[in-house]
Peer 1: 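Dumping the structure here so I can ask a few things about it.
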Protein chains: 2
Amino acid sequence: MATPIDDDRCGESMVHQDAVADCLPGQLDEAVVESLSESFKALADPTRIRILHNLSKRELCVCDLAEVLGMTQSAVSHQLRYLRALRIVKSRREGNTIYYTCDDAHIAGLLQMGIDHATHVEEDKENTHGSRS
Amino acid sequence: MATPIDDDRCGESMVHQDAVADCLPGQLDEAVVESLSESFKALADPTRIRILHNLSKRELCVCDLAEVLGMTQSAVSHQLRYLRALRIVKSRREGNTIYYTCDDAHIAGLLQMGIDHATHVEEDKENTHGSRS
DNA sequence: CACCTATATGAACAAATACTCATATAAGCA
DNA sequence: TGCTTATATGAGTATTTGTTCATATAGGTG
């Protein structure tokens, strides 16, 4: 069963019609996919991960973030603008300095879930040092 | 309290020393950050999201995936290679055709978590159509 | 063997990305 | 008002990324 049976059309690639028919109704909405990839993109960069990790714990101003991360004020500010545009982060002005915090519990949750897992994986690597299974 | 007090060094930007001191011990391990951003990068593309969404439900061969996604066999194959290199997906040969499945429950979990949220967000957009709060 | 099909892959290319540098904005203080 | 500090931002740039196109591999079948 489920043997490769040709489509009506010939010349094009053979397709398992039952498998395709099984999948087609369950496809994700295009808008969902776009918004989802946008969210994951926000978490797909080391600098932004470190920024969000810090902001999820504590309110910080730009220069403090730059100091903690060992990065340029400009680089940090550009990333904060990126995160602000996605409403992942929000800012508050106090005189001359601007404080940022995390503004999206869902993104923060995804990040924390990822951190927990990645931390365990790296710990295991440390302990078994490549030998044994 | 927590007023901007200058660092030892002058000329450089002023930093809230207490805030920085509070954060520095909690920084993520570099390897963790790298591996984490690699994982999120895998989920940060619409094509890979759709591939993984399908493979998390069902084993599929390359040409069926291409058909379901409406994409070139080559494009799908390139992305599968990418996902295979990260061990997010695994393949099984059966004669001439190669079947893929999801091979990383953690990544699949992150994806599902994201899908659930994004789906609700988009549904809300649909229903309120920009008006009301 | 020759010929087919399914998949993989290298090169090329356009688009997106993350940074740097220089400069702009905007608030505080003399 | 003019000077200083904190942050934002535009332009430029090197790198990465996702696709296409052409071709290679590898198994099936006659």
Side-chain angles (χ1 to χ4, degrees), chain A residues 2-7 9-16 19-20 33-34 37-38 40-51 60-67 69-86 89-100, chain B residues 2-7 9-16 19-20 33-34 37-38 40-51 60-67 69-86 89-100:
Chain A
T3 46
I5 302 212
D6 199 355
D7 206 331
R9 324 200 143 282
C10 58
E12 304 191 350
S13 78
M14 292 196 188
V15 159
H16 306 82
V20 172
V33 172
E34 283 306 319
S37 83
E38 201 174 55
F40 282 127
K41 232 169 257 183
L43 297 170
D45 173 74
T47 298
R48 288 195 292 273
I49 288 177
R50 298 199 295 152
I51 288 177
L60 284 170
C61 70
V62 181
C63 74
D64 289 355
L65 259 178
E67 172 77 12
L69 303 185
M71 295 188 62
T72 302
Q73 174 269 322
S74 180
V76 173
S77 190
H78 275 293
Q79 295 296 356
L80 287 171
R81 173 166 69 160
Y82 178 107
L83 294 170
R84 194 161 17 101
L86 294 179
V89 128
K90 76 180 167 205
S91 62
R92 168 180 81 83
R93 169 156 241 144
E94 193 175 307
N96 217 350
T97 100
I98 299 187
Y99 291 95
Y100 280 87
Chain B
T3 46
I5 302 212
D6 197 356
D7 206 330
R9 323 204 143 281
C10 60
E12 302 189 353
S13 79
M14 292 197 188
V15 159
H16 306 80
V20 172
V33 172
E34 283 306 319
S37 84
E38 201 174 56
F40 282 127
K41 229 168 259 181
L43 297 169
D45 173 74
T47 298
R48 288 193 293 271
I49 287 177
R50 297 199 295 152
I51 289 177
L60 284 169
C61 71
V62 181
C63 74
D64 289 357
L65 259 178
E67 173 78 11
L69 304 184
M71 294 187 62
T72 303
Q73 173 269 321
S74 180
V76 173
S77 190
H78 275 293
Q79 296 296 357
L80 286 171
R81 175 167 66 161
Y82 178 106
L83 294 170
R84 194 160 17 99
L86 293 179
V89 128
K90 74 179 168 206
S91 63
R92 168 179 80 84
R93 171 157 240 144
E94 193 174 308
N96 218 350
T97 100
I98 298 188
Y99 290 96
Y100 280 86

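The chains referred to below are lettered A, B, ... by the order of the sequence lines, with proteins before strands, and numbering in each begins at 1.
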Peer 1: Answer yes or no as to whether C:dT9 has its base stacked against B:His78, where stacking requires a ring-centre separation under 5.5 angstrom and planes under 30 degrees apart.
Peer 2: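 According to the criterion (under 5.5 Å, under 30°), yes, B:His78 stacks.
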
Peer 1: Can you tell me if the side-chain N/O atoms of B:Ser77 get under 4.0 Å from OP1 or OP2 in C:dT9?
Peer 2: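 Indeed not, no polar side-chain atom of B:Ser77 lies that close.
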
Peer 1: Confirm from the modelled atom types if B:Ser74 and D:dC21 form a donor-acceptor pair under 3.5 Å, side chain to base only.
Peer 2: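 Checked by distance alone, the answer is yes.
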
Peer 1: Between C:dA8 and B:Gln73, counting only base atoms on the nucleotide and side-chain atoms on the residue, is there a donor-acceptor pair under 3.5 Å?
Peer 2: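 Result: at least one qualifying N/O pair found.
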
Peer 1: B:Ile98 CD1 to D:dA24 P: how many Å, rounded?
Peer 2: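 After rounding, the reported distance stands at 19 Å.
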
Peer 1: Measuring to OP1 and OP2 of C:dA18, would you say a side-chain N or O of A:Arg48 lies under 4.0 angstrom away?
Peer 2: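 Yes, A:Arg48 has a side-chain N/O under 4.0 Å of OP1/OP2 on C:dA18.
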
Peer 1: Side-chain N or O of A:Gln79 less than 4.0 angstrom from OP1 or OP2 on C:dT17?
Peer 2: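 For C:dT17, OP1/OP2 do not have a side-chain N/O of A:Gln79 under 4.0 Å.
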
Peer 1: Nearest whole Å is fine: how far is D:dT7 C1' from A:Tyr100 OH?
Peer 2: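 Whole-Å distance recorded here is 8 Å.
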
Peer 1: Please tabulate the protein-to-nucleotide N/O contacts below 3.5 Å involving nucleotides 27-30 of chain D, giving atom names and distances.
Peer 2:
residue, atom, partner, partner atom, Å
D:dG27, N2, B:Asn96, ND2, 3.4

Peer 1: Respond yes when some side-chain nitrogen or oxygen of B:Tyr82 is under 4.0 Å from OP1 or OP2 of C:dT9, and no when none is.
Peer 2: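 No, no such contact exists.
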
Peer 1: Under 4.0 Å between a side-chain N/O of B:Thr72 and OP1 or OP2 of D:dT20, yes or no?
Peer 2: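 Checking B:Thr72 against D:dT20: at least one side-chain N or O falls below 4.0 Å of OP1 or OP2.
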
Peer 1: Would you say a side-chain N or O of B:Arg92 is under 4.0 Å from OP1 or OP2 of C:dT7?
Peer 2: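 Looking at the OP1 and OP2 atoms of C:dT7, neither is under 4.0 Å from any side-chain N or O of B:Arg92.
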
